[in-house]
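The structure follows.
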2 protein chains.
Amino acid sequence: MTQVAKKVTLKDIAEQIGCSKAVVSTVLNRSKGNTGVSQPMREKIQQVASEMGYRPNYSSQSLARQKTMTFGAFIPPQPWGSIGSTYESVIFRGIEKACQELDYDLLVFNRFGDQRHENCVEKLYQRRVDGLFLLHAHGGSDWLEGFLKTGVPIVGVDYSNPEDTVDAVTFDNIGAIDLAVNHLHELGHRRIGYMGLCTDRHVPDHVLRRNAYRVAMTSRDLPVDEAWIFDETKQLIPDHVVLDENQLSPSANYILSLPVDQRPTAVITYNDKLAVNLIQDLISQGIEVPHDMSVISVDDSDICKMMRPRITSMRHPLEEMGYRAGYLLHQRTLAENNDAKPIHELFTSEVVERQTTLCPR
Amino acid sequence: MTQVAKKVTLKDIAEQIGCSKAVVSTVLNRSKGNTGVSQPMREKIQQVASEMGYRPNYSSQSLARQKTMTFGAFIPPQPWGSIGSTYESVIFRGIEKACQELDYDLLVFNRFGDQRHENCVEKLYQRRVDGLFLLHAHGGSDWLEGFLKTGVPIVGVDYSNPEDTVDAVTFDNIGAIDLAVNHLHELGHRRIGYMGLCTDRHVPDHVLRRNAYRVAMTSRDLPVDEAWIFDETKQLIPDHVVLDENQLSPSANYILSLPVDQRPTAVITYNDKLAVNLIQDLISQGIEVPHDMSVISVDDSDICKMMRPRITSMRHPLEEMGYRAGYLLHQRTLAENNDAKPIHELFTSEVVERQTTLCPR
DNA sequence: CACATATGGGCCGAGGAGGGT
DNA sequence: GACCCTCCTCGGCCCATATGT
């Protein structure tokens with residue numbers, strides 16, 4: 001009973017009715033070849049099309065219209081993985097919402113980093129997509145040029161340090177850290193630390209956030225004790241090193257190594273994962289969170305809600321960013337000349353106060 | 001400097017060289033129109049194509065070959081969301097790996113459930129994709145018929161209770177629960193409970209797992225005390241009800257309500273999220289996990305590794321399932337007649353022992 | 001005559017310019 | 001001007017048909 005319904009084409013309908021393909025095309029697919037079609041003819045065509053189960057052929061339409069009505073989404077290979085997946089999911093939700101509204105489909109390139117970017121570039125040359133979302137890449141990447149040369153419109157999403165040659169939608173990293181410091185400061189903290197990454201790779205966001213932390217502190221006349229900053233300068237952990245799961249996390253270890261009276265009363269962590277490990281380790285060592293130490297993390301992934309105590313975190317408007325990126329890309333697609341100045345939009349993050357921040361003892 | 005490189009076609013190359021399009025097509029895109037092309041001609045064509053930067057046009061190839069070299073992935077709307085995202089990500093990784101190997105692209109339909117399935121069905125009729133992955137749907141859905149009628153090959157992934165009309169790749173729910181019971185039994189537990197969902201919706205997996213629990217218990221001559229089973233029959237919580245985050249979770253509450261000597265010594269939870277809440281609440285109420293009570297969850301999402309104590313859980317081979325589904329779909333695509341009997345493949349889950357299961361006191 | 005090699009032109013299924021009543 | 005038709009285009013695929021050796 002699997003009657004692979006013989007595909008019905010415009011020609012079939014035209015023959016059935018006894019008119020030309022052009023009229024049928026005009027009525028069914030709003031093609032602009034013809035201006036006016038009489039009401040009776042219009043209805044007749046619609047009726048027959050419906051009876052025969054006509055559907056426009058996608059490939060054919062793409063060829064004729066020189067448009068695939070598809071956007072691609074490219075995610076560069078990431079060594080960090082794990083928590084990233086939900087992070088991207090939220091951006092995706094926004095992108096998809098926009099795409100649905102604009103009637104674009106979404107092609108996933110390299111969702112998990114196995115595919116090299118050269119493959120993606122080839123797809124662009126083949127005009128497989130009308131535009132491309134570039135997810136959390138960062139400025140200065142050597143391969144960006146390859147994408148741009150294809151002439152296919154590109155919008156970066158969560159693209160830190162965007163160069164002047166590409167549209168980008170980003171959240172305000174510096175502002176986020178400033179708000180975090182502000183939150184702790186308002187609670188009465190003055191001894192505020194920053195727990196960052198220990199990797200030997202260059203992670204732009206880490207550098208950005210650490211600098212932003214220093215600026216936010218000094219702009220409030222708060223002291224910055226180098227002992228409150230934990231990062232690769234304190235303990236370098238190359239990416240290939242696998243930490244023993246039964247040991248305390250490096251950041252917890254570090255804080256515990258500080259004399260009690262020299263510890264910060266609150267810390268900002270580079271991301272949620274660091275916060276999760278830190279908090280659990282501190283609690284296991286008898287340091288109460290938030291009573292003995294406040295912790296605020298950055299990114300506000302699902303895990304912040306699931307942990308007890310629930311983690312105070314900086315939430316970025318990732319979904320809005322993705323949504324906005326969709327419309328920006330659509331704009332570029334419509335534009336005749338793509339010489340228009342690249343657009344950089346900055347989104348503001350917010351504090352989501354939960355249970356890991358409190359006034360100091 | 002945005003020279004939107006004039007697209008180079010077969011015709012351009014043919015004119016440049018002074019030969020016909022057909023030969024060029026044979027050499028560059030392996031089209032079968034011609035059998036033999038001389039070596040000099042072959043090299044000349046390749047050289048010129050490379051110089052001019054020729055790329056086959058995707059839409060045109062699709063039209064001529066009647067193939068889009070694209071698979072779609074459809075995820076039905078899910079009321080539960082949240083943790084599901086990482087769950088699907090793992091399946092996706094497998095699907096993508098297969099697609100990359102087979103040179104198919106992946107179109108995401110309805111990643112977040114805003115889009116209705118009718119839209120997706122239309123895409124199938126338009127021959128936008130050569131095949132479709134149907135992610136964690138379940139048998140008996142009223143809309144499946146709509147997909148099948150299009151004649152486009154479909155493979156269900158994580159598709160419980162698959163009907164006889166569709167290929168499906170599933171993990172063995174019943175076997176997973178049996179292994180979980182077995183794990184606890186081997187540790188010495190006899191008083192084993194099951195903490196399920198309290199929703200008013202019909203969730204096939206929940207029903208399946210609860211039944212499997214009963215079967216696994218009786219097959220080992222273990223007692224099944226109805227008081228050890230927590231689900232919608234004990235406390236019905238409609239989906240629209242939002243629980244107070246500051247209260248204990250229903251399952252923890254329930255266990256605490258039992259007289260100490262009537263509690264199970266170990267429980268299996270329907271999924272990881274339930275386990276996370278249960279464990280944290282039990283600990284907060286002075287019940288040590290695993291010393292006072294063992295907990296094993298099902299699904300083994302990332303959170304199991306992040307929690308302290310780390311959660312023992314049942315891991316499903318989701319990536320392998322996705323990967324396998326890719327090849328199954330490809331097979332269907334190649335088949336002349338799709339009358340071949342639908343294939344149902346069952347994958348086995350495994351216990352990942354961590355820190356929440358131990359022998360009873 | 002067989003064989004290797006190359007060509008012309010119709011085809012896939014739609015879009016659309018220009019012309020005719 | 002309202003309405004409809006013919007014919008060519010998009011870019012690649014491939015069958016049928018030449019050539020030459």
Side-chain angles (χ1 to χ4, degrees), chain A residues 5-46 48-49 52-70 122-123 125-128 130, chain B residues 4-46 48-49 52-69 122-123 125-128 130:
Chain A
K6 171 81 182 69
K7 282 149 285 178
V8 180
T9 70
L10 288 185
K11 198 175 138 207
D12 296 331
I13 296 178
E15 281 171 0
Q16 172 77 20
I17 296 182
C19 65
S20 74
K21 291 189 328 181
V23 211
V24 184
S25 180
T26 306
V27 173
L28 296 180
N29 300 326
R30 293 175 233 77
S31 74
K32 292 152 203 155
N34 286 306
T35 39
V37 178
S38 68
Q39 199 53 31
M41 176 65 106
R42 198 165 216 108
E43 282 163 9
K44 180 72 183 164
I45 289 174
Q46 254 145 5
V48 173
M52 300 179 71
Y54 169 79
R55 302 295 198 304
N57 179 287
Y58 165 69
S59 303
S60 178
Q61 269 188 337
S62 302
L63 178 59
R65 294 180 178 167
Q66 300 283 72
K67 272 187 168 198
T68 62
M69 294 309 284
T70 307
E122 279 307 304
K123 306 284 182 189
Y125 276 121
Q126 295 169 11
R127 307 288 143 174
R128 179 141 206 178
D130 295 339
Chain B
V4 182
K6 172 79 183 68
K7 282 150 285 178
V8 180
T9 70
L10 288 184
K11 196 173 141 211
D12 297 330
I13 296 178
E15 281 171 0
Q16 172 77 18
I17 297 182
C19 64
S20 74
K21 293 188 320 180
V23 211
V24 185
S25 179
T26 306
V27 173
L28 296 179
N29 300 325
R30 293 175 236 76
S31 73
K32 294 154 205 152
N34 284 307
T35 40
V37 178
S38 67
Q39 198 54 31
M41 176 65 108
R42 196 164 219 109
E43 281 163 10
K44 179 71 183 164
I45 290 174
Q46 253 145 7
V48 173
M52 300 179 72
Y54 169 79
R55 301 295 199 307
N57 179 288
Y58 166 70
S59 303
S60 178
Q61 269 188 338
S62 303
L63 178 58
R65 294 181 179 168
Q66 300 283 72
K67 272 188 168 197
T68 61
M69 294 309 284
E122 279 307 305
K123 305 286 180 186
Y125 276 122
Q126 295 169 12
R127 306 289 143 173
R128 180 144 210 178
D130 295 339

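As the structure is a computational prediction, the values presented were derived from the model and not from experiment. Below, chain A is the first sequence line, B the second, and so on; all start at residue 1.
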The correct set of residues in residues 59-66 of chain B placing a heavy atom under 4.0 Å from DNA chain D is Ser60(B), Gln61(B), Leu63(B), Ala64(B), Arg65(B)
Separation of dG13(C) atom C1' from Leu28(A) atom CG, nearest Å, is 13 Å
Checklist entry - So, does Thr68(B) use its side chain to make a donor-acceptor pair with the main chain of Arg128(B) at under 3.5 Å? => result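 Pair found, side chain donor or acceptor close to backbone of Arg128(B).
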Check: Is Ser62(B) reaching over with its side chain to a backbone N or O of Tyr58(B), donor-acceptor style, under 3.5 angstrom?
Finding: yes
For dG15(C), does either OP1 or OP2 sit under 4.0 Å from a side-chain N or O belonging to Ser25(A)?
->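 Looking at the OP1 and OP2 atoms of dG15(C), one of them is under 4.0 Å from a side-chain N or O of Ser25(A).
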Options dG15(C), dT7(C), dC5(D), nucleotide nearest the side-chain atoms of Asn29(A)
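Within the option list, the nearest is dG15(C).
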Between CZ of Arg127(B) and C1' of dA14(C) the distance, given in whole Å, is 16 Å
Check: Does Ser38(A) have a side-chain nitrogen or oxygen under 4.0 Å from the phosphate oxygens OP1 or OP2 of dC4(D)?
Finding: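 For dC4(D), OP1 or OP2 has a side-chain N or O of Ser38(A) closer than 4.0 Å.
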Separation of dC12(C) atom C1' from Gln126(B) atom CD, nearest Å, is 17 Å
query = OP1 or OP2 of dG11(D) sitting under 4.0 Å from any side-chain N/O of Tyr58(B)?
reply =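 For Tyr58(B), the contact criterion (side-chain N or O under 4.0 Å from OP1 or OP2 of dG11(D)) is not met.
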- Message: For Gln16(B) and Val8(B): C-alpha separation, side-chain torsions, deciding distance, then whether side-chain contact (heavy atoms from CB on, under 4.5 Å) applies.
- Response: CA-CA 11 Å; Gln16(B) 172 77 18; Val8(B) 180; over 6 Å; no
Sorted by number, the residues of residues 9-18 of chain B with heavy-atom contact under 4.0 Å to DNA chain D: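 Thr9(B), Leu10(B), in order of number.
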Between CD of Glu43(B) and P of dT5(C) the distance, given in whole Å, is 13 Å
Base, sugar-phosphate alone, or nothing: which one does Arg42(A) contact when heavy atoms must sit under 4.0 Å apart?
nothing
- Item | Heavy-atom closest pair, residues Lys21(B) and Ala14(B) |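 Heavy-atom minimum between the residues: N-CB, 3.8 Å.
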Lys21(B) atom NZ is separated from dG10(C) atom P, nearest whole Å, by 11 Å
